[in-house]
Amino acid sequence: MLPWRRFPLNEVNFAAQKLAFVIKYSSLIVSSGKIQDCDGMGSERVDTEGKARNKEAKMKRRKSDHGSTRAGGDAIKNNKKTPKTREKTDLGESHKKVMVFKSENLDSTISASESVKETDDDFSARKGPKIRRVKDESMDSDAIPTESVKETDNDFSARKGLKRKWVQDESMDSSVIPTSKKIKHKLGENSDEERKTKKSNKKMQKKVKCEDSNECKKPKRTKGEIEEARQLKIKKKEEEEQSRWRWWEEEKYEDGVKWRFLEHSGPYFPPEYQPLPDNVHFYYDGKKVKLSLAAEEVALFFAQMLDHEYTTKKVFRENFFKDWRKEMTDAERSLIQDLGKCDFGEIHAMHKAKVEARKNMTKEEKQALKEANQKIVDEFGYCLLDHHRERIGNFKIEPPGLFRGRGEHPKQGMLKKRIQPEDIIINCSKEACIPVPPAGHRWKEVRHDNTVTWLVSWTENIQGSIKYIMLNANSKLKGEKDWEKYEVARKLKSCVDNIRSQYRSDLKSRQMSTRQRAVALYFIDKLALRAGNEKEEGETADTVGCCSLRVEHITLHEQMDGKEYVVEFDFLGKDSIRYYNKVPVIKKVFKNLKLFLENKQPGDELFDRLYTSMLNKHLSSLMPGLTAKVFRTYNASITLQEQLKELTNKSDSVAEKLLSYNRANRAVAILCNHQRAPPKTFDQSMATLQSKIDARKEQLALAKSGLKQAKKEAKAKGSSEFKLQTLVERKKAAVKRCEEQLLKMEIQATDREENKQIALGTSKLNYLDPRISVAWCKNMGLPVDKIYNKSQRDKFAWAIDMTEVDFEF
DNA sequence: TTGTATACTTAGGAGCGTAACA
DNA sequence: TGTTACGCTCCTAAGTATACAA
């Protein structure tokens with residue numbers, strides 16, 4: 001049976017869930033929908049007072065906890081501070097029994113002999129005075145034997161260890177580096193030209209379309225021309241391959257040094273604001289008002305967004321109006337007091353017309369625009385890093401506009417100010433040509449720091465955070481980091497069993513903070529949750545990760561859906577994406593969670609004695625370089641590898657193999673909760689596809705009855721009738737064709753439905769060791785470009801080049 | 001020791017171009 | 001030939017992790 005057949009159309013809504021059953025960690029199903037609008041759930045549940053209280057209490061505890069380590073453990077503090085909790089720590093009869101961990105999945109790491117006993121004594125010890133004498137040894141780095149972290153020959157760190165002392169290459173001298181072309185900053189220079197061209201072209205546009213439609217047509221290419229183009233493509237590919245910097249064959253610099261020579265053209269600034277044309281007006285309270293340039297520009301930002309839901313949100317409108325008024329003159333400010341009385345209609349219409357015009361540009365206009373953009377890329381889009389020309393990822397300064405935070409962001413609608421050269425810090429080599437600032441301007445600073453990878457930085461005004469211009473994903477600096485990331489994750493593979501044993505035994509630690517750490521680690525490992533750093537309140541949307549989970553985010557069920565000890569998670573994670581999951585956990589985790597919840601309000605922190613910094617410090621003591629994030633990479637990659645093994649056969653067709661690859665990828669995306677908003681036209685396109693399927697089914701039925709009829713006639717008139725025999729053959733072929741088309745459509749429908757809310761790209765680009773995919777392609781006899789597009793192949797060039805068929809993550 | 005700054009990765013959406021299809 | 005769906009690129013927000021200064 002083909003894999004897709006496992007999910008017939010009428011069950012596709014459950015496809016993602018079903019798919020999750022084939023994942024090793026069967027409890028990882030995320031059966032949620034995505035929250036587009038954080039309705040009551042978030043805001044109702046958020047007990048802001050509780051959060052503030054929480055934070056303060058946590059801070060105090062942080063101080064006392066540090067002290068308590070010396071004083072004999074935080075259990076004492078716990079007793080002092082929360083007597084009620086202490087009274088309620090009787091975990092019942094079950095703790096008198098010997099507990100044996102279920103031997104499945106993650107749990108399998110604990111053997112029967114390792115099963116943990118937890119008796120009332122343990123708890124009374126935690127409660128009683130004895131604890132005062134108990135030294136906290138749980139943080140002892142010896143807990144995991146260092147021998148367990150073995151390095152293999154191909155280990156990255158081993159490679160690091162073999163570091164060759166960097167010999168100053170004479171050719172790196174700035175005098176030898178070809179001087180970059182004269183760097184010229186054209187603050188908005190292009191836009192004028194473009195606008196003029198567009199204007200004149202616009203007039204001609206319809207004429208050209210009607211009169212010269214024949215000229216616009218591409219002349220049909222001859223066979224020779226097609227072959228020539230093919231050869232050219234191959235040649236280009238070869239050239240590209242030859243000119244590729246094979247940095248993975250070179251030695252790394254000493255720690256911290258990122259480059260020896262760096263030269264670039266600086267950032268590309270967005271065009272200056274162009275005032276509204278005379279026939280476009282803003283109205284306040286029904287009266288025409290001519291705004292100052294600064295106020296007009298901000299009004300345009302708002303008008304441009306009128307079709308977006310953002311502009312209907314109270315917070316967005318209030319923030320916008322507040323910031324807009326700051327840009328107004330005194331007179332404007334005293335006049336414009338109510339956003340509801342503002343009429344941006346004409347400005348909005350002008351913007352829409354511009355968008356429409358851009359869509360309707362002629363081929364020539366589009367080509368001219370493309371060339372102009374290419375020119376900008378050529379000038380600003382590359383830098384010289386050591387000997388090599390590297391592509392820059394984001395060389396354009398972010399244009400001003402209204403801040404679009406995700407979810408219920410308290411700062412949405414605020415004005416994102418225009419960045420000036422005076423805000424910009426340039427980073428390049430001392431020997432390099434320093435980029436020239438736009439005429440009449442100067443840079444904030446020029447520095448020469450080769451321990452960082454950024455070329456340009458500035459501080460944005462919304463959150464006060466620093467923005468950077470860095471290299472493209474296919475660059476050495478990014479690739480090397482990526483490789484290193486996967487090597488650390490691979491290293492975790494060799495010691496994950498020990499780490500799991502450790503946190504399992506920590507589940508019955510006498511120290512509350514150690515228990516909390518153990519439960520958090522259990523979640524991070526089992527569910528691939530993010531660490532959950534602390535966030536400044538009121539600065540961002542109310543989202544959480546593992547360590548910042550609050551009481552309101554989990555519900556405990558002793559029994560649920562026929563399973564024991566189920567934890568129901570419901571919270572907003574990164575980007576305000578909802579995480580909803582019902583997970584059976586081991587009894588010890590469940591009991592601990594019960595304990596952590598005691599005497600807490602919904603807005604209180606679940607892990608009130610845990611910080612990501614503590615957690616990571618502990619993890620790095622278990623394995624160098626280990627942080628919470630590494631578990632996500634490790635579990636994602638190992639899941640892909642296992643799923644590929646499970647789902648694919650060498651005898652499968654190419655289509656089947658690719659479907660299996662996507663399914664394995666999808667399993668990881670579900671694990672990591674990578675969701676996307678269903679495409680706007682999803683229902684419509686599914687309906688269209690379904691009607692096509694129905695039509696095809698009818699067609700098939702007709703074809704089948706036609707075939708039956710033809711066979712009947714042929715039989716009646718005898719097999720010698722040649723014409724009738726041909727007709728039968730033709731009908732047979734029609735039926736076959738119909739069936740194949742139907743099959744194809746059904747696969748398409750299933751695949752589309754399964755992918756409705758799942759984003760595969762994020763895991764593919766950030767979590768899946770590319771060497772697994774490359775080795776799989778080699779094993780399956782598939783070209784890598786079946787699974788990686790051009791830019792992905794560039795990003796993973798190191799993996800494509802070095803991976804052998806027998807690679808194991 | 002703790003808060004803050006900094007550097008970097010991870011993330012989903014918008015918009016555009018193009019392949020597939022009727 | 002026109003329409004539609006989808007893949008790709010760009011954009012920038014939102015995380016993680018750590019270095020550093022008070």
Side-chain angles (χ1 to χ4, degrees), chain A residues 34 36 59 62-63 65-67 213 217 256 258 308 355 358-359 361 366 369-370 373 377 381 393-399 401 403-407 409 411-412 416 425 427 449 451-454 457 459-460 462-468 470-473 477-478 481-482 485 530-536 539-541 543-548 573-577 611-613 615-617 619-620 625-630 632-633 672-677 679-682 684-686 688-689 692 695 741 744-745 748 751-752 755 757 759-763 765-767 789-792:
Chain A
K34 179 175 178 177
Q36 289 299 322
M59 292 303 169
R62 180 186 267 187
K63 282 176 190 168
D65 280 356
H66 278 286
S213 58
K217 267 186 199 167
K258 305 289 189 341
H308 204 288
V355 171
R358 200 160 50 225
K359 261 189 209 164
M361 277 191 300
K366 281 183 183 170
L369 195 63
K370 207 174 163 185
N373 282 334
V377 173
N394 57 325
F395 57 88
K396 288 177 178 169
I397 295 288
E398 294 171 19
F403 177 71
R404 305 179 181 208
R406 295 175 193 150
H409 202 296
K411 294 191 169 186
Q412 60 181 298
K416 229 178 91 165
I425 302 173
N427 191 31
D449 182 357
T451 65
V452 295
T453 64
W454 55 269
S457 76
T459 304
E460 54 92 30
I462 304 288
Q463 327 252 26
S465 61
I466 306 169
K467 299 265 185 168
Y468 301 95
M470 289 182 187
L471 295 189
N472 187 272
L477 290 180
K478 295 285 182 188
K481 235 3 204 337
D482 222 25
K485 173 181 78 183
R530 293 187 187 85
N533 280 336
E534 286 169 86
K535 291 170 40 169
E536 214 173 315
E539 292 292 303
T540 58
T543 61
V544 295
C546 186
C547 294
S548 50
K574 184 179 178 182
D575 292 325
S576 294
I577 299 290
Y611 303 89
T612 50
S613 51
L615 184 72
N616 284 335
K617 202 175 163 191
L619 289 173
S620 67
L626 184 61
T627 63
K629 189 167 87 86
V630 179
R632 228 165 125 82
T633 313
C672 295
N673 199 31
H674 291 144
Q675 297 187 48
R676 61 168 186 163
K680 280 170 197 160
T681 54
F682 185 82
Q684 200 191 329
S685 75
M686 279 309 285
T688 314
L689 188 57
K692 277 182 192 171
Q741 283 169 340
K744 201 175 163 190
M745 280 179 183
Q748 196 185 356
D751 205 40
R752 199 184 287 176
N755 249 8
Q757 282 179 282
L760 299 184
T762 307
S763 46
L765 284 175
N766 300 301
Y767 289 103
N789 66 32
K790 175 78 174 73
S791 60
Q792 289 164 344

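First the proteins, then the strands, lettered A, B, ... as listed; each starts at 1. Model, not experiment: these values are computed from the prediction.
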Check: How is A:Gly545 classified with respect to the nucleic acid when contacts are heavy atoms under 4.0 Å: base, sugar-phosphate, or nothing?
Finding: nothing
Item checked: Sugar-phosphate, base or nothing in reach of A:Lys370, heavy atoms under 4.0 Å -> nothing
Check: Looking at B:dT6, C:dA17, B:dG17, which one has an atom nearest to any side-chain atom of A:Asn616?
Finding: C:dA17
Note to self: Please classify the nucleic acid contact of A:Lys629 as base, sugar-phosphate, or nothing, using heavy-atom distances under 4.0 Å.
What the structure shows: sugar-phosphate
Check: Out of C:dA17, C:dA5, B:dC8, which nucleotide sits closest to the side chain of A:Thr688?
Finding: C:dA5
Notebook entry, point to check: Which part of the nucleic acid does A:Lys359 contact within heavy-atom distance under 4.0 Å: base, sugar-phosphate only, or nothing?
Noted result: nothing
Next item on the list: For the residue pair A:Glu460 and A:Phe403, establish whether any side-chain heavy-atom pair is separated by less than 4.5 Å.
Entry: no
Margin query: By nearest heavy atom, map A:Thr612 and A:Lys790 onto DNA chain C; which one lands nearer the 5' end?
Written below: A:Lys790
Next item on the list: Report which part of the nucleic acid A:Thr543 touches: base, sugar-phosphate, or nothing (heavy-atom distance under 4.0 Å, all strands).
Entry: sugar-phosphate
Margin query: Could you measure the distance from the CZ atom of A:Arg406 to the OG1 atom of A:Thr540? Nearest 0.5 Å is fine.
Written below: 13.0 Å
Next item on the list: Please figure out whether A:Ile397 or A:Gln792 has its closest DNA chain C nucleotide nearer the 5' end.
Entry: A:Gln792
Next item on the list: Quick one: label A:Ser457 by what it contacts on the DNA or RNA (base, sugar-phosphate, nothing), any heavy atom closer than 4.0 Å.
Entry: nothing
Next item on the list: Could you check whether A:Lys411 gets within reach of a base, just the sugar-phosphate, or nothing at all, counting any heavy atom under 4.0 Å?
Entry: nothing
Check: Side chain of A:Arg752: nearest nucleotide among B:dG12, C:dT12, C:dC6?
Finding: C:dC6
Notebook entry, point to check: Would you say the side-chain atoms of A:Lys478 pair up with the backbone N or O of A:Met470, donor to acceptor, closer than 3.5 Å?
Noted result: no
Next item on the list: Report yes or no: does A:Lys535 contribute a side-chain atom to a donor-acceptor pair with the main-chain N or O of A:Ala541 at less than 3.5 Å?
Entry: yes
Note to self: Of the listed nucleotides (C:dC11, B:dT10, C:dA13), which one gets closest to any side-chain atom of A:Lys396?
What the structure shows: C:dC11
Item checked: Of the listed nucleotides B:dG13, B:dG12, B:dT10, the one nearest the side chain of A:Ala759 -> B:dG12
Margin query: Mind checking if A:Arg406 touches a base, just sugar-phosphate, or nothing, with heavy atoms under 4.0 Å?
Written below: base
Note to self: Under 4.0 Å, counting only non-hydrogen atoms across every strand here, what does A:Ala628 touch: a base, just sugar-phosphate, or nothing?
What the structure shows: sugar-phosphate
Margin query: Under 3.5 Å, is there any donor-acceptor pair linking the side chain of A:Lys478 to the base of B:dT9?
Written below: no
Notebook entry, point to check: Using a cut-off of 4.0 Å on non-hydrogen atoms, how would the nucleic acid contact of A:Asn789 be classed: base, sugar-phosphate, or nothing?
Noted result: sugar-phosphate
